[in-house]
Amino acid sequence: MKKVGSNDISPGEFTFLLIGSMIGVGILSLPNDLVVVAKQDAWISAFIGAVYPLYMVIIASILCKIHPKKNILVLSKICFGKFIGNILNIIFLLYFVLFTTSIAFQVSLIKWTLIVSFLSLQKILIVILALAAYTATKGLKILARVNQLMFILTILLSIILCAALFQGNYLNIFPILGSGVLNIVKASQYSAFAFGGIEIIFLIYPFITDKTKVMKASIKGVLITAIIYAWITFITIYYVGIDIIPKMLWSVNMVAKTVRIPTISNFKFVFVVIWALIICKTIANNYFATAFILKDFFKKTEIKKIVYIIYPLIFYLSLKYSNLSTATSFLNFITPKYVLFNVAYVTIITLIIYVKKGQLK
């Protein structure tokens, strides 16, 4: 019997890892980006954005079927040679570094602004990254269980927001499809970026115990995430309205004020605290992915040591965003380009692997 700390994960744990990797800090402001284009139909755009992760799932399933024990890092070197393959792997690595640092900064900023303003942003960031690093050292199995726990909290908060149905205005979501199909599709590209993190699938599918369920487990994770995104966007529009949403930093947080619990005087505060905790697991997932890829370059070094060695660098890079405006501008610039790279990267590898099936080892 293998230790709990091993990297082997069940299909269910695989699903939770994918959900946890996709649902990040962007969920709190997702409606802001979508209503500008899709207006009251932004919730539809939020769901359509799932096309991107579904494509990545299909690609990963093909690779897993042909090479079930080899991740994208190995396949990249098989297809392009060690030199070019490693260069492409480094670019892929920087994607997870980008996610780790940007999410860590934004979560720290949310906590600093709304929860513990008496502490400096640097001190909050130190704690958040320390927790993420510690979790990452425990291996994929433990990480999956943390994601499972955070998923339960995510569902709980999503259900609690139903309270807004009694205080919102149904006119805020009408007319349905009134913004136009073209605008709905156009806005979906922004929601597609919110599914960033699905790329971790190419690193972890070799660890799933039942390879025949990779496709099923992955699609389940994507659809659950899409439903959560659509619901959060819908209820925010229903309660806040499309005119006010763009004027707020974290519009979803506004919906929490509708919840009234007798023993809790300010549920909005509790809501932010729990969401910040949930998002921390996304940082841990991306931190693990970063260390995992580096492990491929430094095979003789334990992944636990790599996690701690890169901590100062991750902390330094997280502080370089300086403020929310800078972080948002940079991410809006770099994310679309990285999505295109990721799609091209995995697609070309898959085509080469498929065409030369049996010839590459």
Side-chain angles (χ1 to χ4, degrees), residues 20-35 46 98-133 135 146-147 149-151 153-154 156-158 160-161 164 190-191 193-194 196-197 225 228-229 232-233 235-236 239-240 244-259 264 266-287 314-315 317-332 335:
S21 297
M22 287 184 282
I23 297 181
V25 69
I27 193 172
L28 295 177
S29 59
L30 181 60
N32 300 50
D33 300 321
L34 301 183
V35 298
L98 173 69
F99 263 62
T100 304
T101 54
S102 63
I103 296 174
F105 171 76
Q106 291 180 72
V107 172
S108 300
L109 188 61
I110 291 173
K111 287 188 174 183
W112 181 58
T113 305
L114 302 176
I115 304 175
V116 284
S117 56
F118 56 89
L119 292 177
S120 68
L121 185 66
Q122 290 85 349
K123 290 180 180 179
I124 299 172
L125 190 57
I126 287 173
V127 174
I128 289 175
L129 287 177
L131 289 173
T135 307
V146 170
N147 277 263
L149 175 60
M150 293 302 105
F151 173 74
L153 290 178
T154 301
L156 180 62
L157 287 187
S158 299
I160 286 177
L161 291 182
Y190 299 108
S191 65
F193 301 150
T225 303
I228 291 174
Y229 278 162
I232 292 296
T233 305
I235 197 63
T236 304
Y239 177 72
V240 181
I244 300 176
I245 288 175
K247 301 175 183 178
M248 308 176 68
L249 285 177
W250 302 294
S251 56
V252 176
N253 186 40
M254 191 68 179
V255 185
K257 67 183 293 185
T258 64
V259 180
I264 301 177
N266 187 358
F267 182 77
K268 184 178 176 181
F269 175 82
V270 176
F271 179 83
V272 175
V273 172
I274 297 177
W275 262 121
L277 179 63
I278 291 171
I279 296 168
C280 281
K281 58 90 180 72
T282 310
I283 304 173
N285 291 356
N286 285 285
Y287 203 130
I314 296 295
F315 175 72
L317 292 176
S318 299
L319 286 177
K320 296 302 289 182
Y321 293 100
S322 70
N323 57 64
L324 184 60
S325 177
T326 301
T328 302
S329 298
F330 176 69
L331 291 174
N332 288 341
T335 303

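Along the sequence shown, residues are numbered consecutively beginning with 1. What's counted below: heavy atoms across the whole structure, side chains too, no hydrogens, waters or symmetry copies.
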Enter the distance from [X]:[atom1] to [Y]:[atom2] here, rounded to the nearest 0.5 Å.
{"X": "Ile235", "Y": "Ser158", "atom1": "CD1", "atom2": "OG", "result": "10.5 Å"}
{"X": "Tyr287", "Y": "Thr135", "atom1": "OH", "atom2": "OG1", "result": "11.0 Å"}
{"X": "Leu28", "Y": "Ile23", "atom1": "CG", "atom2": "CD1", "result": "11.0 Å"}
{"X": "Leu156", "Y": "Ile278", "atom1": "CG", "atom2": "CD1", "result": "8.5 Å"}
{"X": "Ile128", "Y": "Ile110", "atom1": "CD1", "atom2": "CD1", "result": "9.0 Å"}
{"X": "Ser102", "Y": "Ile283", "atom1": "OG", "atom2": "CD1", "result": "9.0 Å"}

With Ser120 via side-chain contact (heavy atoms from CB on, under 4.5 Å) - residues at least two apart: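 Once residues adjacent in sequence are excluded, the partners of Ser120 under the side-chain contact (heavy atoms from CB on, under 4.5 Å) criterion are Gln122, Lys123.
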I'd like to check the side-chain contact (heavy atoms from CB on, under 4.5 Å) partners of Phe99; sequence neighbours left out, ordered by chain and number.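 Counting only residues at least two positions away or on another chain, Phe99 forms a side-chain contact (heavy atoms from CB on, under 4.5 Å) with Tyr95, Ile103, Asn286.
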Over all heavy atoms of both residues, which pair between [X] and [Y] is shortest? Give the atoms and the distance, please.
{"X": "Tyr229", "Y": "Gly24", "value": "OH-N, 4.0 Å"}
{"X": "Leu109", "Y": "Leu121", "value": "N-CD1, 3.6 Å"}
{"X": "Val255", "Y": "Tyr239", "value": "CA-CD2, 4.1 Å"}
{"X": "Ile244", "Y": "Met248", "value": "O-CG, 3.6 Å"}
{"X": "Val35", "Y": "Pro246", "value": "CG2-CG, 3.8 Å"}
{"X": "Cys280", "Y": "Lys111", "value": "SG-NZ, 4.2 Å"}

For a side-chain contact (heavy atoms from CB on, under 4.5 Å) check, start with the C-alpha distance between Met150 and Leu277, then their side-chain angles and the critical distance, and finish with the verdict. CA-CA 8 Å; Met150 293 302 105; Leu277 179 63; 4.1 Å; yes
Passes side-chain contact (heavy atoms from CB on, under 4.5 Å), Leu161 versus Ile232? Steps please. CA-CA 8 Å; Leu161 291 182; Ile232 292 296; 3.6 Å; yes
So Asn323 and Thr326, side-chain hydrogen bond (donor to acceptor under 3.5 Å, both in side chains) or not? Walk me through it. CA-CA 5 Å; Asn323 57 64; Thr326 301; 2.9 Å; yes
Give the intermediate values and the outcome of side-chain contact (heavy atoms from CB on, under 4.5 Å) for residues Leu331 and Leu98. CA-CA 9 Å; Leu331 291 174; Leu98 173 69; 3.8 Å; yes
Say whether, by atom type as modelled, one donor and one acceptor occur between the side chain of Thr335 and the main chain of Asn332 under 3.5 angstrom.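 Between the backbone of Asn332 and the side chain of Thr335 there is no qualifying donor-acceptor contact (under 3.5 Å).
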Without swapping roles, check the side chain of Thr282 against the backbone of Gly20 for a donor-acceptor pair under 3.5 Å.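 Side chain of Thr282 to backbone of Gly20: a pair is present.
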If you apply the rule side-chain contact (heavy atoms from CB on, under 4.5 Å), what do you find for Asn253 with Val272, and how did you get there? CA-CA 7 Å; Asn253 186 40; Val272 175; 2.9 Å; yes
Side chains of Asn32 and Ser29: do they bring a donor and an acceptor to under 3.5 Å?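 No.
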Of the options Val107, Ile27, Leu153, Val270, which is the one that meets Trp275 in a side-chain contact (heavy atoms from CB on, under 4.5 Å)?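 Of the listed residues Val107, Ile27, Leu153, Val270, the side-chain contact (heavy atoms from CB on, under 4.5 Å) partner of Trp275 is Ile27.
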